[in-house]
Enquirer: 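Mind looking over this structure? Questions follow.
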Amino acid sequence: MELLDETKCFEEACDKLANSKLALVDKKIAELLSVVASSERIYSLIAECMINFNYDNEMKRATRRMGMFTLPKETYTSIAFVFSLFDNFDKKKINLFKFIDTYYVAETQNEKFIMFCNSILASWKDLVVSSIAGVKIKTKQPTKQNKLDVSVVSRITFLLKDLSMCINTKKNKRVNVVAVNKIIDALLEALELNNITIITAFVIALEEICKIDKVLSMKIATISDVTCAIKGE
């Protein structure tokens with residue numbers, strides 16, 4: 001997919017979420033994350049932003065003032081933070097409507113949701129689009145990371161190859177096979193770099209893009225369990 005097409009799809013998904021009826025918000029968030037997972041450039045950008053990113057620390061900073069929610073000022077951190085926030089909305093780890101009730105003041109939930117979209121979603125969309133368009137942003141210097149155990153690398157590699165074989169031999173392909181294969185290749189490269197942060201980010205992408213297929217979802221869940229064990233979650 002060409003850059004302009006990826007950008008257009010991403011902007012349209014953001015706009016559909018912003019203009020969504022409250023009853024359809026969950027669906028539109030899932031669609032937005034699916035677009036992100038399917039876009040090679042956008043997801044590569046987010047994966048880079050996730051390097052050394054600590055969601056829990058950034059959430060504490062964003063909510064340290066009672067009743068206020070503030071996005072990080074640094075571009076990469078902000079991109080990673082909002083992506084993680086939407087991922088948590090999608091996984092029901094955070095209730096979106098309780099979130100907007102806490103941090104936005106208006107007479108109706110619809111007005112609160114509009115305020116949320118005008119601040120967080122609009123800002124994120126602009127940062128992502130400008131970044132993949134080539135606007136220079138400060139790159140984080142990755143810190144030294146511990147080398148992954150050989151047995152762990154072998155286990156994840158085996159699971160990824162099994163996933164690849166499964167998706168490429170399935171007769172009823174309900175997911176984007178090309179996108180999944182690209183993410184698998186990226187995961188294998190991340191394993192060679194021993195970068196658990198990037199590995200985790202790409203596993204999230206696989207979960208999102210394959211969630212409509214029960215068999216693939218089960219296989220990816222096993223991979224996710226291994227990566228969570230590495231992080232001690």
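What you see is a predicted model, and the numbers here were worked out from it, not measured in a lab.
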Enquirer: Applying side chain to side chain contact (heavy atoms under 4.5 Å, CB included) to F113 and C117, what does each step give before you reach the verdict?
Expert: CA-CA 6 Å; F113 179 67; C117 291; 3.4 Å; yes

Enquirer: Considering only residues two or more places apart or on different chains, which pairs with a residue in residues 184-227 satisfy ring pair (Phe, Tyr, Trp, His ring centres under 6.0 Å)?
Expert: Y43-F202

Enquirer: Does some side-chain heavy atom of F86 sit less than 4.5 Å from a side-chain heavy atom of W124?
Expert: yes

Enquirer: Around atom CZ of F97, are there more than 12 heavy atoms from other residues, nucleotides or ligands closer than 6.0 Å?
Expert: yes

Enquirer: Assess the residue pair M59 and L85 against the criterion (side chain to side chain contact (heavy atoms under 4.5 Å, CB included)); give the C-alpha distance rounded to whole Å, side-chain angles, the decisive distance to 0.1 Å, and a yes or no.
Expert: CA-CA 9 Å; M59 177 58 82; L85 189 64; 3.8 Å; yes

Enquirer: Looking only at non-hydrogen atoms, find the nearest pair between D87 and L33 and report the distance.
Expert: CA-CD1, 4.0 Å

Enquirer: For L206, run the side-chain contact (heavy atoms from CB on, under 4.5 Å) check against V175, V180, L216 and tell me which one passes.
Expert: V180

Enquirer: Looking only at heavy atoms, what is the nearest atom pair of S131 and I79, with distance?
Expert: OG-CD1, 3.7 Å

Enquirer: Side-chain donor-acceptor pairs under 3.5 Å in residues 16-32, sequence neighbours left out?
Expert:
{"from": "N19", "atom 1": "ND2", "to": "D15", "atom 2": "O", "distance (Å)": "3.0"}
{"from": "D26", "atom 1": "OD1", "to": "K92", "atom 2": "NZ", "distance (Å)": "3.3"}
{"from": "D26", "atom 1": "OD2", "to": "K92", "atom 2": "NZ", "distance (Å)": "2.7"}

Enquirer: Which heavy atom in N176 sits nearest to a heavy atom in I209, and how many Å separate them?
Expert: CB-CD1, 4.1 Å

Enquirer: If you take all heavy atoms of A80 and C49, which pair is closest and at what distance?
Expert: CB-O, 3.6 Å

Enquirer: Begin from the C-alpha positions of S164 and N168 and carry the test side chain to side chain contact (heavy atoms under 4.5 Å, CB included) through to its verdict.
Expert: CA-CA 6 Å; S164 178; N168 287 308; 3.2 Å; yes

Enquirer: Output all residues satisfying ring-ring contact (aromatic ring centres under 6.0 Å, His included) with Y55, sequence neighbours left out; order by chain, then residue number.
Expert: F81

Enquirer: At their closest point, which heavy atom of A201 faces which heavy atom of A47, and how far apart are they?
Expert: CB-CA, 4.4 Å

Enquirer: Please check if the distance between the ring centroids of F69 and F99 is under 6.0 Å.
Expert: yes

Enquirer: Would you call E58 and R61 a salt bridge, taking side-chain N to carboxylate O under 4.0 Å as the test?
Expert: yes

Enquirer: Under 3.5 Å, is there a donor-acceptor pair between the E207 and S217 side chains?
Expert: no

Enquirer: Apply side chain to side chain contact (heavy atoms under 4.5 Å, CB included) to V36 and V128, showing your working.
Expert: CA-CA 10 Å; V36 169; V128 170; over 6 Å; no

